[in-house]
Amino acid sequence: MATALHFSGVKTPCPASASSERSLQYKQPLWSQRLRFATCVASNNGFYTSAKNFSCTSRVLRVSCEGGGITDVLEKKQTENQCLGENEKQLTCVMKFGGSSVASAERMREVADLILSFPQERPVIVLSAMGKTTNKLLLAGEKAVSCGVTNVSTIDELSFIKELHLRTVDELGVDSSIISSHLEELEQLLKGIAMMKELTLRTKDYLVSFGECMSTRLFAAYLNKIGVKARQYDAFEIGFITTDDFTNADILEATYPAVAKRLHGDWICNPAIPIVTGFLGKGWRSCAVTTLGRGGSDLTATTIGKALGLREIQVWKDVDGVLTCDPNIYPRAQPVPYLTFEEAAELAYFGAQVLHPQSMRPAREGDIPVRVKNSYNPNAPGTVITHARDMSKAVLTSIVLKRNVTMLDIVSTRMLGQYGFLAKVFSTFEDLGISVDVVATSEVSISLTLDPSKLWSRELIQQASELDHVVEELEKIAVVNLLQHRSIISLIGNVQRSSLILEKAFQVLRTNGVNVQMISQGASKVNISLVVNDNEAEQCVRALHQAFFENDPFEVECGSENGSV
Ligand SMILES: Nc1ncnc2c1ncn2[C@@H]1O[C@H](COP(=O)(O)OP(=O)(O)O)[C@@H](O)[C@H]1O
Ligand SMILES: N[C@@H](CC(=O)OP(=O)(O)O)C(=O)O
């Protein structure tokens with residue numbers, strides 16, 4: 001590949017230095033081959049080597065030498081795609097960094113270093129909004145509804161967002177023009193919301209999109225500033241086509257070829273690290289900006305992974321991988337080294353905030369391994385999620401809690417043996433567009449829980465009236481008992497060993513005086529769900545964690561009547 005390149009125009013002689021060559025490779029992985037060659041040509045000709053900074057456009061490679069601000073311009077004579085070696089024509093992996101990983105200028109610099117510490121990779125980068133920007137944008141929107149147009153500029157969250165992004169511009173040393181129009185437009189939008197006194201789901205999505213649009217622009221500008229060629233993309237401009245379910249849109253199939261064509265096409269014509277907004281899409285009918293549900297950048301990453309058929313999808317978080325339970329509930333949670341797609345999907349669906357519920361689907365379809373890593377602790381091995389893993393020793397993998405769940409006990413008013421009862425119950429939910437999580441049935445009754453995330457996007461008042469409506473409809477065929485403030489504890493693991501899991505679990509729950517109100521073992525064979533009262537749930541998770549992950553396994557298996565399990 002190197003011999004196909006031609007550089008000329010080097011004018012300034014400098015002493016040769018091997019170490020500069022290494023630092024060039026480190027800083028500029030995409031160009032490392034070419035730079036090594038450029039450096040080599042230069043030193044061979046007795047010109048210079050100690051290159052310090054460099055930047056590349058499709059035609060010009062600019063290298064400034066150490067010790068004197070001398071800039072040499074190396075004209076690259078051939079066109080970009082002719083220059084790409086056979087194995088450089090493919091992007092290799094996705095690296096997604098969540099809000100916690102890009103919360104400040106310092107964190108962005110660290111993330112840039114982290115990306116560049118993998119010079120063998122040609123990554124696509126997916127970023128979330130900085131820190132808690134999405135929450136702040138939503139709060140600002142809610143305040144705008146009632147604060148009056150003239151008070152919009154004093155909304156605390158707006159000031160916070162402006163200050164954070166402008167400080168980051170400053171600290172990264174990039175041009176403020178890359179985000180100034182977004183900040184102005186954001187304020188205009190909030191004024192519009194204040195004028196209308198209304199924040200629709202569609203407007204909410206447009207509002208939160210500013211977070212990702214700005215973080216990616218900042219990061220791409222920073223990479224370009226340090227000489228690493230990067231190109232920013234808004235996902236809604238490059239083919240992320242979704243349903244029009246604002247705040248919770250689904251990716252449509254057309255996305256895959258469109259995204260692949262755009263990212264791969266650009267890379268081939270003019271290689272630059274793609275920096276893509278996570279979380280965002282474009283509604284196929286409305287053509288408006290949509291979002292993929294909270295935490296949706298994980299789904300953006302796996303979608304790109306599948307679209308481009310990449311080798312690996314890396315999801316960089318602020319924890320050492322997927323843990324045995326939520327560390328906020330129990331800080332002694334431990335990393336889980338391996339998971340299957342199925343386990344990870346159940347875990348995410350049943351509430352583990354670490355992964356977006358839908359994010360495993362594209363990875364599983366494309367059979368692309370997902371690695372969950374800690375951007376604060378890159379040396380930790382993290383969690384690798386693949387199609388299959390050795391389950392011979394696996395019992396329990398992780399404990400997940402989903403709070404604030406609504407449970408319905410539905411008892412048929414008809415006689416035993418009546419057919420069509422289940423069908424009628426579920427068609428009621430279908431008609432009302434409400435999704436059901438966990439189900440347990442007997443001949444004449446059904447207990448089920450309703451997915452709070454599907455109700456989440458609706459106003460509380462609307463949720464209450466929808467629940468009333470559900471009960472009203474079901475009461476035509478059954479006696480209905482609505483039970484609120486329940487939690488689902490999901491035991492994700494090897495359900496081939498369900499008796500062992502249940503034996504231990506019930507021992508723990510009995511010791512803690514907790515009665516399970518519903519139990520379900522899904523067809524997936526990786527999940528047993530138990531429904532308990534909200535106010536008992538965290539205590540249960542801690543006790544279950546101690547029993548399954550911390551105690552001596554022999555002690556746990558034997559248990560005792562009145563003490564620790
Ligand atoms: N089982 C779990 N494993 C790991 N993290 C979990 C788990 N359950 C909840 N979490 C929480 O998820 C957080 C990471 O997810 P998220 O905030 O979406 O990350 P990011 O914004 O970096 O994408 C962790 O900080 C942790 O508090
Ligand atoms: N910014 C969006 C999307 C996202 O994925 O964020 P994070 O990766 O920080 O969870 C959110 O807060 O929901």
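In each ligand, atom 1 is the first atom listed, and ligand 1 is the first ligand listed. All values reported here derive from a predicted model rather than from experimental measurement.
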* Structure fact -> Closest non-hydrogen atoms of Tyr349 and Lys402, given as atom of the first, atom of the second and distance, are O-NZ, 3.0 Å
* **Enclosure of Glu365 CD (heavy-atom neighbours >12, cutoff 6.0 Å)** => yes
* Among pairs that include at least one residue of residues 529-538, which meet salt bridge (Lys or Arg N to Asp or Glu O under 4.0 Å), considering only residues two or more places apart or in two chains? -> Arg403-Glu538, Glu538-Arg542
* Identify the two heavy atoms, one from Thr291 and one from Thr247, that lie closest to each other, and give their separation to 0.1 Å. => OG1-CA, 3.3 Å
* To do: Kindly state each residue pair satisfying salt bridge (Lys or Arg N to Asp or Glu O under 4.0 Å) with at least one member in residues 372-391, sequence neighbours excluded.
  => Glu343-Arg389
* Take the angle between the ring planes of Phe210 and His182 and call it parallel below 30°, perpendicular above 60°, tilted in between. => perpendicular
* Asked: Counting heavy atoms not belonging to Tyr376, are there more than 12 under 6.0 Å from its OH?
  -> yes
* To do: Check whether more than 12 heavy atoms from other residues, nucleotides or ligands sit under 6.0 Å from atom NZ of Lys132, and answer yes or no.
  => no
* Asked: So which protein residues pack against ligand 1 under 4.0 Å, heavy atoms counted?
  -> Lys96, Gly98, Gly99, Ser100, Lys317, Asp318, Val319, Gly321, Val322, Leu323, Cys325, Asp326, Pro327, Asn328, Gln353, Val354
* To do: Test the Lys306-Tyr256 pair against the cation-pi criterion, namely NZ or CZ under 6.0 angstrom from the six-membered ring centroid and within 45° of the ring axis.
  => yes
Anything under 3.5 Å between an N or O on ligand 2 and a protein N or O? List each pair with its distance, or write none.
{"unit_1": "ligand 2", "atom_1": "1 (N)", "unit_2": "Thr134", "atom_2": "OG1", "d": "2.7"}
{"unit_1": "ligand 2", "atom_1": "1 (N)", "unit_2": "Glu212", "atom_2": "OE2", "d": "2.7"}
{"unit_1": "ligand 2", "atom_1": "5 (O)", "unit_2": "Gly295", "atom_2": "O", "d": "3.4"}
{"unit_1": "ligand 2", "atom_1": "5 (O)", "unit_2": "Gly296", "atom_2": "N", "d": "3.3"}
{"unit_1": "ligand 2", "atom_1": "5 (O)", "unit_2": "Ser297", "atom_2": "N", "d": "3.0"}
{"unit_1": "ligand 2", "atom_1": "5 (O)", "unit_2": "Ser297", "atom_2": "OG", "d": "3.0"}
{"unit_1": "ligand 2", "atom_1": "6 (O)", "unit_2": "Ser128", "atom_2": "OG", "d": "3.4"}
{"unit_1": "ligand 2", "atom_1": "8 (O)", "unit_2": "Lys96", "atom_2": "NZ", "d": "2.7"}
{"unit_1": "ligand 2", "atom_1": "8 (O)", "unit_2": "Ser128", "atom_2": "OG", "d": "2.7"}
{"unit_1": "ligand 2", "atom_1": "9 (O)", "unit_2": "Gly99", "atom_2": "N", "d": "2.9"}
{"unit_1": "ligand 2", "atom_1": "12 (O)", "unit_2": "Thr134", "atom_2": "OG1", "d": "3.3"}
{"unit_1": "ligand 2", "atom_1": "12 (O)", "unit_2": "Arg294", "atom_2": "NH2", "d": "2.9"}
{"unit_1": "ligand 2", "atom_1": "13 (O)", "unit_2": "Arg294", "atom_2": "NE", "d": "2.7"}
{"unit_1": "ligand 2", "atom_1": "13 (O)", "unit_2": "Gly295", "atom_2": "N", "d": "2.8"}

